[in-house]
Amino acid sequence: MSQHIFALVDCNNFYASCEKLFRPDLADTPVVVLSNNDGCVVARSREAKKLGIKMGVPVFQVRELMQKHGVVAFSSNYALYADMSQRVMSLLESLAPRVEVYSIDEAFLDLTGVDFSQNLTEFGLTARQLVQKCTGITVCVGIAPTKTLAKLANHAAKTWQKTRGVVDLTSKERQRKLLALLPVDEVWGIGGKLTKRLQQLGVDTALQLADADPKFIRQHFSVMVERTVRELNGESCIALEEMAPTKKQIVSSRAFGERITDKQQMREAISEYISRACKKLRQEQQEAKYLTVFLRTSPFSDKDAPYSASKSVELDSPTGDTRIFLAKAMQLLDGLWLDGYRYAKAGVMLSDFYDPGVHQPGLFDEPLIKKESDHQLMQLIDNLNAKHGKTIWFASQGTKQDWSMKRELLSPAYTTNWRDLPVAK
DNA sequence: TCTGGGGTCCTAGGACCC
DNA sequence: TCTGGGGTCCTAGGACCC
């Protein structure tokens with residue numbers, strides 16, 4: 001068995017760090033970034049973590065604490081984070097032959113067989129310095145023979161200052177020493193539910209999971225957990241994926257800034273989501289055959305009557321045409337809408353994707369005549385909106401969009417809009 | 001009053017067929 | 001009175017991730 005070597009590079013407090021980059025005055029201030037609608041805390045600076053503000057907590061529950069300690073909050077500014085992410089990733093791509101961008105703030109590097117003039121820890125430190133110098137973002141690096149162990153190595157690098165942000169976990173002894181220290185829920189792929197069930201079987205630490213019998217785990221849990229056990233023992237089961245696999249579904253959904261009680265407003269919202277989903281679909285160069293629309297009241301309110309429903313429709317043939325999905329979605333909405341509820345969220349989902357032109361119609365399906373002009377119209381819309389911002393849209397999307405999300409604490413588009421370029425004084 | 005969004009994979013169970 | 005069994009396909013729901 002050839003030995004693999006993976007490095008996991010993960011940005012520290014990524015969203016919060018991005019916001020701080022352009023606000024040097026906030027260098028030592030606790031900063032949090034909020035979810036859409038300014039609802040939950042989704043990122044925290046080091047100082048904010050120290051105050052005990054938990055990931056995912058609703059803002060209203062920590063508002064007092066934040067005021068008391070002068071915590072500065074920002075609405076999510078995805079344009080900024082996506083741009084900073086690209087800068088970090090292209091630096092990483094210059095360091096290793098094969099890179100998997102795993103999420104907006106982390107990447108796996110395949111170091112298998114790479115002959116460095118330096119040892120692995122030195123390589124990690126070099127990567128760290130490069131990213132720090134060129135982007136201002138601090139990263140931590142975990143190095144190990146499997147992705148699951150690299151994740152844990154990264155966690156160790158983040159947790160213990162004296163590691164200088166880099167942990168080389170290629171030695172078996174160090175692996176077992178670290179695994180013994182970590183609770184089982186720190187392991188990649190082991191969430192809340194599995195942790196509970198594992199604990200009932202006496203498995204509390206990552207090491208105990210590693211030492212469990214894979215066959216027993218397979219029987220009582222799943223192939224996924226079995227794979228995790230093998231990975232913890234240094235057997236690489238999860239390969240590096242350089243190319244993003246083509247999507248299998250596209251979801252567009254949002255909680256509303258204010259509850260919707262009016263059907264016309266819901267029509268606007270659904271139209272908006274359809275238009276976004278179809279645009280993504282065309283970017284993926286795919287066509288979809290299956291559409292789902294869903295809506296629901298707030299699951300947290302015990303005052304409002306609860307209601308949640310979804311309906312789907314399969315088209316005769318796949319398409320990327322927004323107008324076809326709009327018409328179908330409005331029909332589905334007619335079947336879903338009930339007066340008298342306070343709707344908190346809705347969304348649409350496209351699935352069952354095909355490459356344009358390969359779908360085999362059924363014997364009795366209406367043959368859909370696709371006109372080149374339809375395709376060109378969609379392209380024209382996408383191009384105009386890409387070039388000039390949101391310029392044209394379908395009337396059903398509405399113009400006021402009173403229901404749209406709250407983003408009251410948005411930072412400027414420092415890196416993606418000329419108007420918002422930071423000025424050096 | 002106020003609780004995110006976008007994905008993937010696996011499994012159990014029903015429908016259907018012979 | 002007595003009412004099979006095994007395979008495949010599909011879908012909904014659960015669990016996980018960032």
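Residue contacts for Val59(A): at a heavy-atom cut-off of 4.0 Å it reaches no nucleic acid atom on any strand shown.
Protein atom NZ of Lys406(A) is 13 Å distant from nucleotide atom P of dT1(B), rounded to whole Å. What separates OH of Tyr15(A) from P of dC18(C) is a distance of 12 Å, to the nearest Å. dG7(B) atom P lies 16 Å from atom CD of Glu241(A), rounded to whole Å. Computed from coordinates, the Phe353(A) CZ to dG6(B) P distance equals 13 Å when rounded to whole Å. The CE atom of Met224(A) sits 13 Å away from the C1' atom of dG7(B) (whole-angstrom rounding). When the P atom of dG4(B) is taken as reference, atom CG of Asp38(A) falls 12 Å away, rounded to whole Å. Atoms CG (Leu34(A)) and P (dG4(B)) sit 12 Å apart, rounded to a whole Å. Spacing between atom CG of Asp10(A) and atom P of dC18(C) amounts to 9 Å, rounded to whole angstrom units.
Of the residues near DNA chain B, Arg342(A) and Ile250(A), the one whose nearest nucleotide (by heavy atom distance) lies more toward the 5' end is Arg342(A).
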#### Entry: Pair Val348(A)-Val251(A), side chain to side chain contact (heavy atoms under 4.5 Å, CB included): steps then yes or no
CA-CA 6 Å; Val348(A) 307; Val251(A) 178; over 6 Å; no

### Query
When you look at Tyr15(A) and Phe74(A), which way does the side chain to side chain contact (heavy atoms under 4.5 Å, CB included) test go after all the steps?
CA-CA 9 Å; Tyr15(A) 294 175; Phe74(A) 291 92; over 6 Å; no

### Task
Verify side chain to side chain contact (heavy atoms under 4.5 Å, CB included) between Lys263(A) and Glu268(A), making sure each step is shown before the conclusion.
CA-CA 9 Å; Lys263(A) 189 170 175 189; Glu268(A) 286 183 18; over 6 Å; no

### Message
Please determine whether ring pair (Phe, Tyr, Trp, His ring centres under 6.0 Å) holds for the pair Trp188(A) and Tyr102(A), giving the CA-CA distance in whole Å, both sets of side-chain angles, and the decisive distance to 0.1 Å.
### Response
CA-CA 13 Å; Trp188(A) 193 34; Tyr102(A) 178 68; 5.7 Å; yes

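Within residues 99-108 of chain A, the residues that place at least one heavy atom under 4.0 Å from DNA chain C are, in residue-number order, Tyr102(A), Ser103(A), Asp105(A), Glu106(A). Near DNA chain B, defined here as any heavy-atom distance below 4.0 Å, the residues from residues 254-279 of chain A are Arg254(A), Ala255(A), Arg259(A), listed numerically. Within residues 292-301 of chain A, the residues approaching DNA chain B are Phe300(A), by heavy-atom distance under 4.0 Å.
For residues 303-331 of chain A, the ring pair (Phe, Tyr, Trp, His ring centres under 6.0 Å) pairs, not counting sequence neighbours, are Tyr307(A)-Tyr341(A).
Side-chain atoms of Gln397(A) come within 3.5 Å of backbone atoms of Phe394(A) as a donor-acceptor pair (strictly under, hydrogens ignored). Formation of a donor-acceptor pair under 3.5 Å by the Ser75(A) side chain with backbone atoms of Leu409(A) is found in this model.
Taking the six-membered ring where tryptophan is involved, the planes of Tyr81(A) and Tyr78(A) are perpendicular, since the angle between them exceeds 60° and thus also 30°.
Distances were taken from every side-chain heavy atom of Val42(A) (C-beta onward) to each of dG5(B), dG4(B), dC17(C); the shortest belongs to dG4(B). The nucleotide whose nearest atom lies closest to any side-chain atom of Arg63(A) is, among dT3(B), dG7(B), dC2(B), dC2(B). Of the candidates dG7(B), dT3(B), dG5(B), dG7(B) carries the atom nearest the Lys280(A) side chain, counting heavy atoms from C-beta on.
Side-chain nitrogen and oxygen atoms of Lys248(A) include none within less than 4.0 Å of the OP1 or OP2 phosphate oxygen of dG6(B). At the phosphate of dG6(B), OP1 or OP2 sits under 4.0 Å from a side-chain N or O atom of Ser253(A).
Asp355(A) and Gln286(A) share a side-chain donor-acceptor pair at under 3.5 Å.
Around the NZ atom of Lys328(A), the shell of radius 6.0 Å holds no more than 12 heavy atoms that belong to other residues, nucleotides or ligands.
Here, dT3(B) and dC18(C) have their P atoms 25 Å apart, quoted to the whole Å.
The structure places CZ of Phe294(A) at 8.0 Å from CD1 of Ile270(A), a figure rounded to the nearest 0.5 Å. Rounded to the nearest 0.5 Å, atoms CD (Glu314(A)) and OG (Ser351(A)) are 9.0 Å apart. The CD atom of Glu231(A) sits 12.0 Å away from atom CD of Glu226(A), with the distance rounded to the nearest 0.5 Å. Atom CZ in Arg342(A) sits 12.0 Å away from atom CD1 in Ile260(A) (nearest 0.5 Å).
A salt bridge between Lys248(A) and Glu284(A) is absent, with no side-chain N of the basic residue lying under 4.0 Å from a carboxylate O of the acidic one. Remark: Glu19(A) does not engage Arg23(A) in a salt bridge, criterion side-chain N to carboxylate O under 4.0 Å.
Lys147(A) forms a cation-pi arrangement with Phe108(A), by the criterion of a distance under 6.0 Å to the ring centre and an angle within 45° of the ring axis.
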### Message
Reading 5' to 3' and counting Watson-Crick or G-U wobble pairs with both distances under 3.5 Å, write the dot-bracket notation for DNA chain B, | for bases paired outside the strand.
### Response
....||||||||||||||

### Message
Please encode protein proximity along nucleotides 8-16 of chain C as a string of B, S and -, counting only heavy-atom distances under 4.0 Å.
### Response
-------SS

